[in-house]
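All values below were derived from every heavy atom in this structure, side-chain atoms included, with hydrogens, water molecules and symmetry-related copies excluded. For this chain, numbers begin at 1 and follow the sequence in order.
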Amino acid sequence: MNYENILIEKEKNLAIITINRPKSLNALNKATIEELNHLLITLESDKETKAIILTGSGEKAFVAGADIKEFSNFNTSEGSQLAAKGQELLFDYVQNYSKPIIAAVNGFALGGGLELAMAAHFRTASSNARMGLPEVTLGLIPGYGGTQRLPQLIGKGRAMEMIMTAEMINADKALDFGLVNHVVEQSELLTFTKQIAQKITNNSSTAIGKAIKSINANYRDGINGFHEEIKCFGECFDTEDFKEGTTAFIEKRKAEFKGT
Ligand code: CO8
């Protein structure tokens, strides 16, 4: 597939994906969602790639939302289909991805943009970042998982207020709310995020995949997260990484994980 809306860069075991529609503040149109889906599928089976950073091009925006110009004429059925397809191809896929995905929020993360950042496993932000779910100003509600993930991350009352007022919060407030884990100057954001990602890639990728699955289980209907944790925990004992990790501990040396 030829990517027209995203850029990919690889550095050691990291893949950095940049959403690249700066003229539209990186708004997510259908084509961008499809490209991201395609690239993520490719990277999931790429043995070299151990972690992914997702960011936006330019200094102004991570992603300023779904592309309003694309759906402004839609009816109920078209709107629902767009939301369902987007959730399946991108937002749920990112949340349940077997390798860590970190969103480096480098500016506006609004509507679908904040929803994408929230689907990622965790978030870092630049000090100029502004986040919000302004859909009600368009006569909409969040359609890419925002009504579910925002209360999960910051609590129901704060999410209600953010969604109902449509107001943006700045990076410091997002940090205070637990919506992002770290805030740094914009010029340092990628380097800082890569440092965290590199720490992660030193650990067992099989164990990390299972930890993601287990943590996410609590957020899925009909799944008992504690049972899922026990299952995933037990499965770790069958992996080479587990043998290597425990052996290295006992032998007082650094583990060399193979991700198997
Ligand atoms: N969609 C399409 N184009 C956009 C978007 C967007 N979300 N955001 C910005 N742009 C475009 C502008 O139209 C403008 O283009 P042009 O130069 O051709 O007029 C260009 O980007 C630059 O934007 P501004 O001139 O507006 O820049 P400002 O610095 O003045 O303002 C803002 C920056 C505050 C970020 C402003 O652009 C803005 O408010 N953008 C819209 C934010 C928004 O409402 N986002 C939510 C969209 S709805 C959504 O995400 C729903 C998700 C669920 C969908 C489920 C499927 C239907």
Side-chain angles (χ1 to χ4, degrees), residues 6 8-17 33 35-55 86-105 115-124 144-145 148-149 152-153 178 180-182 190 192-249 253-260:
I6 55 177
I8 167 80
E9 185 196 331
K10 290 199 183 168
E11 213 177 287
K12 294 188 199 155
N13 292 327
L14 295 183
I16 297 111
I17 304 177
I33 289 178
E35 288 181 18
L36 284 167
N37 171 267
H38 185 273
L39 178 57
L40 287 171
I41 289 174
T42 310
L43 292 174
E44 196 157 34
S45 56
D46 173 29
K47 286 213 160 69
E48 300 270 287
T49 302
K50 297 256 167 74
I52 292 169
I53 296 173
L54 205 50
T55 193
Q87 291 202 18
E88 182 198 329
L89 290 183
L90 187 59
F91 298 79
D92 288 351
Y93 188 39
V94 165
Q95 169 153 330
N96 297 310
Y97 204 69
S98 59
K99 301 178 183 186
I101 300 184
I102 309 170
V105 179
E115 290 174 299
L116 181 59
M118 291 193 294
H121 299 131
F122 63 91
R123 291 142 292 283
T124 57
Y144 286 144
Q148 304 307 300
R149 292 192 182 100
Q152 286 165 2
L153 285 165
V180 302
N181 290 7
H182 305 274
L190 261 192
F192 178 82
T193 310
K194 282 178 195 171
Q195 282 165 359
I196 300 180
Q198 289 296 358
K199 277 189 204 166
I200 293 173
T201 62
N202 291 335
N203 298 323
S204 161
S205 52
T206 49
I208 285 169
K210 288 177 194 301
I212 292 170
K213 197 170 166 205
S214 186
I215 293 166
N216 278 339
N218 185 46
Y219 298 99
R220 282 173 50 203
D221 288 345
I223 301 257
N224 180 319
F226 290 98
H227 290 172
E228 187 68 14
E229 182 184 278
I230 291 166
K231 184 169 160 281
C232 290
F233 179 73
E235 285 169 8
C236 292
F237 288 79
D238 265 349
T239 66
E240 291 300 318
D241 280 0
F242 165 70
K243 288 194 190 86
E244 168 61 11
T246 46
T247 306
F249 173 80
R253 61 174 172 82
K254 195 169 176 294
E256 298 275 343
F257 291 119
K258 294 202 170 61
T260 53

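Partners of T201 under the side-chain contact (heavy atoms from CB on, under 4.5 Å) rule, at least two apart in sequence or in another chain, are N13, L14, K50, A51, Q198.
No donor-acceptor pair closer than 3.5 Å links the side chain of E9 to the backbone N or O of I17. Between the side chain of R123 and the main chain of A103, no donor-acceptor pair closer than 3.5 Å is present. Not a single donor-acceptor pair under 3.5 Å links the side chain of E240 to the backbone N or O of T260. Side-chain atoms of H182 never come within 3.5 Å of backbone atoms of T124 as a donor-acceptor pair (strictly under, hydrogens ignored). Checking side-chain atoms of T42 against main-chain N and O of H38 turns up a donor-acceptor pair under 3.5 Å.
Side-chain contact between Y97 and I52 is present, with at least one heavy-atom pair separated by less than 4.5 Å. Using a 4.5 Å heavy-atom cutoff, the side chains of K231 and K213 are in contact. In this structure, the side chains of I102 and N181 stay at 4.5 Å or more apart for every pair of heavy atoms. Counting heavy atoms from C-beta on, the side chains of I196 and F122 come closer than 4.5 Å. Under the 4.5 Å side-chain criterion, counting only non-hydrogen atoms from C-beta, L36 is in contact with I6.
I16 contributes atom CD1, which lies 10.0 Å from atom OG1 of T55 (distance to the nearest 0.5 angstrom). To the nearest 0.5 Å, atom CE of residue M118 and atom CG of residue L153 are 6.5 Å apart. The structure places CD of E235 at 12.5 Å from CD1 of I230, a figure rounded to the nearest 0.5 Å. Expressed to the nearest 0.5 Å, how far CD of Q87 lies from CD1 of I33 amounts to 10.0 Å. Rounding to the nearest 0.5 Å gives a distance of 4.0 Å between CD of E244 and CZ of R253. Taking CZ of F257 as the reference point, atom OG of S204 lies at 5.5 Å (rounded to 0.5 Å).
Comment: D92 engages R149 in a salt bridge, judged by a side-chain N to carboxylate O separation of less than 4.0 angstrom. Salt-bridge check for K243 with D238: failed, with every basic side-chain N at 4.0 Å or more from each acidic carboxylate O.
Between A119 and F91 the shortest heavy-atom distance is CB-O, 3.4 Å. What you find for Q95 and N216 is that their closest heavy atoms are O-ND2, 2.6 Å. Here the closest non-hydrogen pair linking G259 and D241 is N-OD1, 3.0 Å. When every heavy atom of P100 is checked against every heavy atom of I212, the shortest pair comes out as N-CD1, 3.9 Å. Across every non-hydrogen atom of A197 and I53, the tightest pair is CB-CD1, 4.3 Å. Here the closest non-hydrogen pair linking N37 and L89 is ND2-O, 2.8 Å.
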Working for salt bridge (charged side-chain N to carboxylate O under 4.0 Å, His left out), residues E44 and K99 = CA-CA 7 Å; E44 196 157 34; K99 301 178 183 186; over 6 Å; no
Give the C-alpha distance, both sets of side-chain angles, the deciding distance and a yes or no for side chain to side chain contact (heavy atoms under 4.5 Å, CB included) between Y93 and E88.
-> CA-CA 6 Å; Y93 188 39; E88 182 198 329; over 6 Å; no
